[in-house]
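Since the structure comes first, as structure tokens, the remarks are kept for the end.
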Amino acid sequence: MSSLGPYTYVTLSVQPDSAPRLAVSFHTADLRVRAGVLDKPRPYLEISSAEADVAISTTGAGPVTNADLHIARQLFDAAARYLADCERLHTEQSAKGTPDTAA
């Protein structure tokens, strides 16, 4: 099985009578992930590579809403699932002798 080297893929789609759609796909271990609270105060989550940045914060950059809490829980659950899947697959690959090519 071959794979590409690390990369970040960014696309912008513009269709008549529709809002533009931006997609960012990180396919690299060269990511920076951080979270904090800005001075308003409002929380943020940022994921960055050398080519792209994605920032997530509260609705309208305002106070935390119930919808913001719902999204934060979905992010947490998805990140926990991603971690569990990565750990499981890494263990399976290591048992098969698949080389770890990440730097």
Side-chain angles (χ1 to χ4, degrees):
M1 170 166 74
S2 68
S3 66
L4 298 172
Y7 66 96
T8 299
Y9 190 72
V10 180
T11 59
L12 174 63
S13 301
V14 181
Q15 300 291 326
D17 301 322
S18 296
R21 178 156 175 77
L22 180 67
V24 179
S25 299
F26 295 109
H27 299 276
T28 177
D30 184 27
L31 290 177
R32 293 168 305 284
V33 180
R34 64 185 193 151
V37 177
L38 299 172
D39 59 357
K40 283 195 177 184
R42 65 183 169 91
Y44 71 91
L45 172 66
E46 184 176 86
I47 304 171
S48 305
S49 74
E51 301 86 7
D53 300 310
V54 174
I56 299 169
S57 190
T58 56
T59 304
V64 178
T65 66
N66 286 335
D68 297 324
L69 288 173
H70 179 72
I71 294 295
R73 288 184 188 108
Q74 286 182 316
L75 282 167
F76 180 85
D77 291 345
R81 175 63 188 262
Y82 179 70
L83 172 61
D85 289 342
C86 284
E87 288 175 335
R88 177 182 53 80
L89 292 169
H90 186 264
T91 299
E92 290 173 7
Q93 292 162 356
S94 294
K96 291 178 183 175
T98 304
D100 185 351
T101 58

| task | Write down the atom of Val37, the atom of Tyr44, and the distance for their closest heavy-atom approach. | result | N-CE2, 3.9 Å

| task | Answer yes or no: is there a side-chain heavy-atom contact under 4.5 Å between Pro43 and Val64? | result | yes

| message | Determine whether Asp85 and Arg81 satisfy the following criterion, salt bridge (Lys or Arg N to Asp or Glu O under 4.0 Å), listing intermediate values before the conclusion. | response | CA-CA 6 Å; Asp85 289 342; Arg81 175 63 188 262; 3.1 Å; yes

| said: Counting only heavy atoms from other residues, nucleotides and ligands, does the tally under 6.0 Å from CG of Asp77 exceed 12? | reply: yes

| task | Spell out, yes or no, whether Val33 and Val24 are grouped together once hydrophobic residues are joined by side-chain heavy atoms under 4.5 Å, including indirect joins. | result | yes

| said: Please say yes or no: joined through hydrophobic side-chain contacts below 4.5 Å, possibly via intermediate residues, are Val14 and Tyr9 part of one cluster? | reply: no

| Roughly how far, to the nearest 0.5 Å, is the CD1 atom of Ile71 from the CG atom of Leu45? | 12.0 Å

| field | Contact summary for Leu22 and Thr11, nearest pair of heavy atoms | value | CD1-O, 3.2 Å

| Side-chain touch Ile47/Asp53, heavy atoms, less than 4.5 angstrom | no

| query | Do Val10 and Tyr7 share a hydrophobic cluster (ILVMFWY, side-chain heavy atoms under 4.5 Å, transitive)? | reply | no

| field | Heavy-atom closest contact (Arg42 atom, Ser57 atom, distance) | value | NH1-OG, 2.7 Å

| message | So that I can tick it off, tell me whether Arg88 and Glu92 are bridged by a salt bridge, with the cut-off set at under 4.0 angstrom between side-chain N and carboxylate O. | response | yes

| message | Whether the side chain of Arg32 engages the backbone of Ser49 through a donor-acceptor N/O pair (distance < 3.5 Å, no angle test) should be reported. | response | yes

| Do Asp68 and Thr58 meet the criterion of a side-chain donor-acceptor pair at a distance under 3.5 Å? | no

| request: Can you measure from CD (Glu87) to OG1 (Thr91) and round to the nearest 0.5 angstrom? | output: 7.0 Å

